Amino acid sequence: KQKLFDYIGNTMADELLAHNRVGKLTKWILPSGHLDQYHVFAKRVNTERIDCSRLHIFHMDDWLDWQFRPMPAEKSFVSARSIMKHGFYDLIDPELAIPEENRHWPDVHDPDAIDALIEQMGGIDTVQGGVGCRGMVAFDEPPRSRYYKVTLEEYANSKTRMTQINDDTIVAYAQRVFGGCYDAIP
């Protein structure tokens, strides 16, 4: 398992170095799940003194409560912002850090903003995310209802959106990460 995280973290560092050499922005979509690859990346950044000032991070998710309000950042295990602050951003030496304005989060009040910025910047270089048992990347849950269906074309063209995590995803995540404690899942 560590070999995979080493590979991903080193690939991140190599891509950033290659883009820096030619003065190109680097644009990634990253999850707030597994953090081991970020430790490998941060170690290389700090050791090799890799400049992160032209790196843009688009976060693929942020946890919301049952009323679709952002989770408080101080609740570290249920706040994607807190998880990424402590498990990624804080690992990088301040003089090499990814600027705050280059850290892009989905906005519950303007869900189209992140999609528009990605389009404005010419797309994304790399997307990371785990593939679930139904082939969905990260928590890209398909809408489920016995009363309506979303077509494959509609789903393929979907934008940033708020979604309810499906029950089977909650069970799988709670068992895998929280020892079966379903109450830990926002």
Side-chain angles (χ1 to χ4, degrees), residues 1-63 70-71 73 76-107 111 113-141 156 158-161 163 165 169 172-173 176-177:
K1 193 172 176 180
Q2 188 57 47
K3 281 185 175 183
L4 176 62
F5 293 126
D6 290 345
Y7 174 80
I8 295 169
N10 284 317
T11 299
M12 292 169 69
D14 291 342
E15 182 176 34
L16 180 58
L17 279 168
H19 289 184
N20 283 353
R21 278 189 211 107
V22 296
K24 180 180 174 186
L25 292 179
T26 303
K27 302 160 292 183
W28 296 335
I29 296 177
L30 298 180
S32 60
H34 292 288
L35 303 175
D36 298 277
Q37 70 274 19
Y38 303 143
H39 293 252
V40 174
F41 171 76
K43 183 176 180 182
R44 284 223 20 220
V45 165
N46 294 335
T47 302
E48 299 174 33
R49 311 310 292 164
I50 301 172
D51 177 23
C52 294
S53 66
R54 296 176 55 78
L55 173 58
H56 286 261
I57 305 296
F58 293 86
H59 294 277
M60 69 172 55
D61 48 34
D62 202 359
W63 293 97
M71 295 299 290
S76 61
F77 73 95
V78 293
S79 166
R81 291 173 192 256
S82 179
I83 290 167
M84 290 302 284
K85 177 183 180 341
H86 299 294
F88 180 55
Y89 292 118
D90 287 355
L91 303 177
I92 299 171
D93 290 346
E95 64 275 10
L96 302 169
I98 301 159
E100 289 280 342
E101 62 271 13
N102 292 7
R103 305 173 189 185
H104 311 287
W105 292 90
D107 182 347
I114 202 165
D115 296 312
L117 183 57
I118 289 170
E119 286 179 28
Q120 176 187 338
M121 294 180 79
I124 293 294
D125 297 305
T126 301
V127 177
Q128 288 186 22
V131 179
C133 63
R134 288 186 310 278
M136 300 296 112
V137 175
F139 286 116
D140 190 18
E141 299 280 337
S158 65
K159 299 277 187 180
T160 298
R161 67 192 187 286
T163 185
I165 296 176
T169 302
Y173 191 63
R176 190 173 62 243
V177 178

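A quick note: this is a predicted structure, and the numbers were derived from the prediction, not measured.
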Colleague: Could you list all the salt bridge (charged side-chain N to carboxylate O under 4.0 Å, His left out) pairs where at least one residue sits in residues 46-59, not counting sequence neighbours?
Modeller: Arg44-Glu48, Arg49-Asp93, Arg49-Glu95

Colleague: Ignoring hydrogens and geometry, is there a side-chain-to-backbone donor-acceptor pair from Asn102 to Leu55 under 3.5 Å?
Modeller: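 Yes; judged by distance alone, with no hydrogens or angles, the pair exists.
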
Colleague: Tell me, please, which residues at least two apart from His39 pass ring pair (Phe, Tyr, Trp, His ring centres under 6.0 Å).
Modeller: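 Ring pair (Phe, Tyr, Trp, His ring centres under 6.0 Å) list for His39, sorted by chain: empty.
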
Colleague: Let me confirm one number: the OG-CD1 distance from Ser53 to Ile98, rounded to the nearest 0.5 Å.
Modeller: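 Reported to 0.5 Å precision, the distance equals 10.5 Å.
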
Colleague: Of all residues at least two apart in sequence or in a different chain, which pass the salt bridge (charged side-chain N to carboxylate O under 4.0 Å, His left out) check with Lys43?
Modeller: none

Colleague: Should Asp115 and Thr160 be marked as a side chain to side chain donor-acceptor pair (under 3.5 Å) after you check the CA-CA gap, both sets of side-chain angles, and the distance that decides it?
Modeller: CA-CA 7 Å; Asp115 296 312; Thr160 298; 3.1 Å; yes

Colleague: For the CG atom of Leu91 and the NZ atom of Lys85, what is their distance to the nearest 0.5 Å?
Modeller: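 Result: 10.5 Å between the selected atoms.
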
Colleague: List the steps and the verdict of side chain to side chain contact (heavy atoms under 4.5 Å, CB included) for Met60 and Gln128.
Modeller: CA-CA 9 Å; Met60 69 172 55; Gln128 288 186 22; 5.5 Å; no

Colleague: As a test of understanding, state which of Trp28, Tyr89, Tyr7 forms a ring pair (Phe, Tyr, Trp, His ring centres under 6.0 Å) with Phe41.
Modeller: Trp28

Colleague: Which residues pass the side-chain contact (heavy atoms from CB on, under 4.5 Å) test with Ile124, not counting sequence neighbours?
Modeller: Lys27, Ile29, Phe58, Ile118, Val127

Colleague: Sequence neighbours excluded, which residues qualify as salt bridge (charged side-chain N to carboxylate O under 4.0 Å, His left out) partners of Lys3?
Modeller: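 Counting only residues at least two positions away or on another chain, Lys3 forms no salt bridge (charged side-chain N to carboxylate O under 4.0 Å, His left out).
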
Colleague: Going by ring pair (Phe, Tyr, Trp, His ring centres under 6.0 Å), name the residues that satisfy it together with His56, two or more places apart in sequence or in a different chain.
Modeller: His104

Colleague: Testing the basics here: between Pro106 and Ile114, what is the closest heavy-atom pair and its distance to 0.1 Å?
Modeller: N-CD1, 3.8 Å

Colleague: At what distance, to the nearest 0.5 angstrom, does CE of Met12 lie from CG of Asp125?
Modeller: 12.0 Å

Colleague: As an exercise, state the distance from CG of Leu96 to SG of Cys52, rounded to the nearest 0.5 Å.
Modeller: 6.5 Å

Colleague: Starting at CD1 of Ile57, measure out to CG of Leu30 and round the result to the nearest 0.5 Å.
Modeller: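 Interatomic distance, Ile57 CD1 to Leu30 CG, rounded to 0.5 Å: 4.5 Å.
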
Colleague: Could you walk me through whether Ile50 and Asn20 pass the side chain to side chain contact (heavy atoms under 4.5 Å, CB included) test, one step at a time?
Modeller: CA-CA 9 Å; Ile50 301 172; Asn20 283 353; 3.9 Å; yes

Colleague: Side chains of Glu15 and Thr126 only: does a donor on one sit below 3.5 Å from an acceptor on the other?
Modeller: yes

Colleague: Locate the shortest heavy-atom distance separating Ser32 from Asp61; write the atom from each residue and the value.
Modeller: OG-OD1, 3.3 Å

Colleague: Please report the interatomic distance CE(Met84) to OG(Ser79), rounded to the nearest 0.5 Å.
Modeller: 11.0 Å

